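Per chain, numbering begins at 1; letters A, B, ... match sequence-line order. Remember, predicted model here, so these are calculated numbers, not experimental data.
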There are 2 protein chains.
Amino acid sequence: MTDPKPTHDIEAVFHQKGIPFTRQRRQIWEFFAGADRAATIAETADALRGDGVGQATVYRTVQLFNDLGLLARVQDGQGELCYIAPPIGHSHPLVCGVCRRVIRFDGDGDLTELEALLGAETGFSIYGHHLEVYGICPSCQQTRREGDDGE
Amino acid sequence: MTDPKPTHDIEAVFHQKGIPFTRQRRQIWEFFAGADRAATIAETADALRGDGVGQATVYRTVQLFNDLGLLARVQDGQGELCYIAPPIGHSHPLVCGVCRRVIRFDGDGDLTELEALLGAETGFSIYGHHLEVYGICPSCQQTRREGDDGE
DNA sequence: GGCTCAGTTGAGAACTCTTCTCAACGGTGT
DNA sequence: ACACCGTTGAGAAGAGTTCTCAACTGAGCC
């Protein structure tokens, strides 16, 4: 449960790699870093259209961020692909199936053991894993209960 | 590390639900059940085109199987969406990032504990999770080593 | 300040993937 | 044999994503 990298850190990452950190890239980054829930590419493009950020740029930039490990892909409750700005280091998302709010947790302790076991049993050379946990966040549980009362 | 349901079991599932198990559905099921690696929808449609199975039918049927819990979605090494026929019960895929061979394992013991902990810490009502492990299978490791020798 | 150059951007075209439509088919019960 | 109802295939339609290209931007250099 850590915060995403602040913008100046990202800027340093770009600088270090010699990649320009343009106005559009900053806006897209700030959109993700400021959100507490996962967003689709379409939502991102919609949100930034007014700021003069083109759709193609959103696609290109999200892919760039993803390649650089600055965004992580998750699936929401409907199986739609969304993106979230991950924190420094390695963590896994706990996604609300209703509002897509995301909380990150560190669950790697258990998984390194599992990976070692799997590698030994199967002969696979393990290089990574992907874990997402789905639930309903407290606020959506509340809303749902209120909805039940009314019906 | 279990086998997918044999075809006659699937047929029983369909019968029980009153859904026809047509020739096309059988062919699509046999394609997945007979494969030891994850396949994309496009690959499935290509493989069955000669057998007179239309593209729309492949899409409809894969979605149907998925809804019935007979297929599971996984991402391959390139992040492409593939499907595999899962075994009876709950398991997770170990996917080869090169050839997409899939081995299934049961890793839920650890995760129920993690889920309970997460639920208590965050107030989320947890309803599921998704775990995939990625590696290189022994045969692809071998191929890769041979390739290295030559270059 | 003005120039050059390489990389980025926006708009729209192009392409790909997925879903929809509809007439024909198939199998089940009568 | 017949009617009924869900499924199917072909192609159209729609949605999502990538490509193309001219214009723009900013960094380095004069």
Side-chain angles (χ1 to χ4, degrees), chain A residues 7-8 10-32 38-68 70-76 78-83 100, chain B residues 7-8 10-32 38-68 70-76 78-83 100:
Chain A
T7 304
H8 58 84
I10 298 298
E11 211 161 340
V13 169
F14 273 72
H15 222 81
Q16 194 186 325
K17 291 183 190 280
I19 306 172
F21 194 66
T22 62
R23 173 181 66 82
Q24 289 88 341
R25 287 176 182 168
R26 174 189 305 276
Q27 285 180 282
I28 292 169
W29 174 254
E30 283 174 353
F31 177 79
F32 281 105
T40 63
I41 290 192
E43 286 165 1
T44 310
D46 281 352
L48 299 177
R49 181 161 308 134
D51 301 342
V53 179
Q55 191 182 7
T57 302
V58 174
Y59 275 96
R60 281 185 290 231
T61 306
V62 166
Q63 191 154 326
L64 174 67
F65 284 169
N66 194 42
D67 290 348
L68 293 174
L70 302 173
L71 286 182
R73 234 192 310 195
V74 304
Q75 289 193 19
D76 72 357
Q78 284 74 51
E80 241 185 320
L81 276 183
C82 305
Y83 292 83
R100 295 211 293 244
Chain B
T7 304
H8 58 84
I10 298 297
E11 211 161 340
V13 170
F14 273 72
H15 222 81
Q16 196 186 324
K17 291 184 187 281
I19 306 172
F21 195 65
T22 61
R23 172 180 68 80
Q24 289 86 344
R25 286 175 183 171
R26 175 190 305 277
Q27 286 180 281
I28 292 169
W29 174 253
E30 284 174 351
F31 176 80
F32 280 106
T40 64
I41 291 193
E43 285 165 1
T44 310
D46 281 352
L48 299 176
R49 181 162 305 135
D51 302 342
V53 179
Q55 191 184 8
T57 302
V58 174
Y59 275 97
R60 280 185 290 232
T61 306
V62 166
Q63 191 154 327
L64 175 66
F65 284 169
N66 195 42
D67 289 348
L68 292 172
L70 303 171
L71 286 181
R73 235 192 307 195
V74 303
Q75 288 193 19
D76 72 359
Q78 284 73 49
E80 242 186 319
L81 276 183
C82 305
Y83 292 84
R100 295 211 294 243

Worksheet item: Going through the distances and angles, do A/R100 and A/T40 end up as a side-chain contact (heavy atoms from CB on, under 4.5 Å)?
Response: CA-CA 10 Å; A/R100 295 211 293 244; A/T40 63; 4.1 Å; yes
Worksheet entry | With A/F14 via ring pair (Phe, Tyr, Trp, His ring centres under 6.0 Å) - residues at least two apart | A/F21, A/F65
Discussion item. Reading DNA chain D from 5' to 3', where do the contacts with chain A start and stop? Cut-off is 4.0 Å to heavy atoms.
Written reply: D/dG16 to D/dT20
Worksheet entry | Rounded distance in Å - CZ (A/F65) to P (C/dT8) | 12 Å
Item to complete: Could you list by number each residue of residues 41-57 of chain B showing a heavy-atom separation from DNA chain D of less than 4.0 Å, or answer none if no residue does?
Response: B/G52, B/V53, B/G54, B/A56, B/T57
Discussion item. Give me the atom names and distance for the closest heavy-atom approach of B/V74 to B/A38.
Written reply: CG2-CB, 3.9 Å
Worksheet item: Within the structure shown, what part of the strands sits under 4.0 Å from B/E80 by heavy-atom distance: base, sugar-phosphate, or nothing?
Response: nothing
Item to complete: Ignoring backbone atoms, test whether B/R23 places a side-chain nitrogen or oxygen under 4.0 Å from the OP1 or OP2 oxygen of C/dG26.
Response: no
Worksheet item: Can you find a side chain N or O atom of B/Y59 that sits less than 4.0 Å from OP1 or OP2 on C/dT19?
Response: no
Worksheet item: Please walk me through it: do B/Q55 and B/Y59 pass side-chain contact (heavy atoms from CB on, under 4.5 Å)?
Response: CA-CA 6 Å; B/Q55 191 184 8; B/Y59 275 97; 3.9 Å; yes
Discussion item. Per the salt bridge (charged side-chain N to carboxylate O under 4.0 Å, His left out) rule, what does the pair list look like for residues 44-57 of chain B, sequence neighbours excluded?
Written reply: B/D46-B/R49
Discussion item. Nearest 0.5 angstrom please: A/I41 CD1 to A/E80 CD, how far?
Written reply: 11.0 Å
Practice prompt. Let me know the distance between CD of A/Q63 and P of C/dT8, rounded to the nearest Å.
Written response: 14 Å
Worksheet item: In whole angstrom, what separates A/I28's CD1 from C/dT9's C1'?
Response: 11 Å
Discussion item. According to salt bridge (charged side-chain N to carboxylate O under 4.0 Å, His left out), does anything in residues 56-65 of chain B pair up with another residue at least two apart or in another chain? List the pairs.
Written reply: none
Discussion item. Suppose we screen for side-chain contact (heavy atoms from CB on, under 4.5 Å). Which residues come up paired with B/T22, at least two apart in sequence or across chains?
Written reply: B/P20, B/Q24, B/R25
Worksheet item: Just how far, in rounded Å, is C1' of C/dG7 from NE2 of A/H15?
Response: 15 Å
Practice prompt. Figure out the CZ/P separation between B/R25 and C/dG27, and round it to whole Å.
Written response: 13 Å
Worksheet item: Given atom CZ of B/F21 and atom P of C/dG26, what is their separation to the nearest angstrom?
Response: 18 Å
Fill in: CG-CD distance between B/L68 and B/Q63, expressed to the nearest 0.5 angstrom
11.0 Å
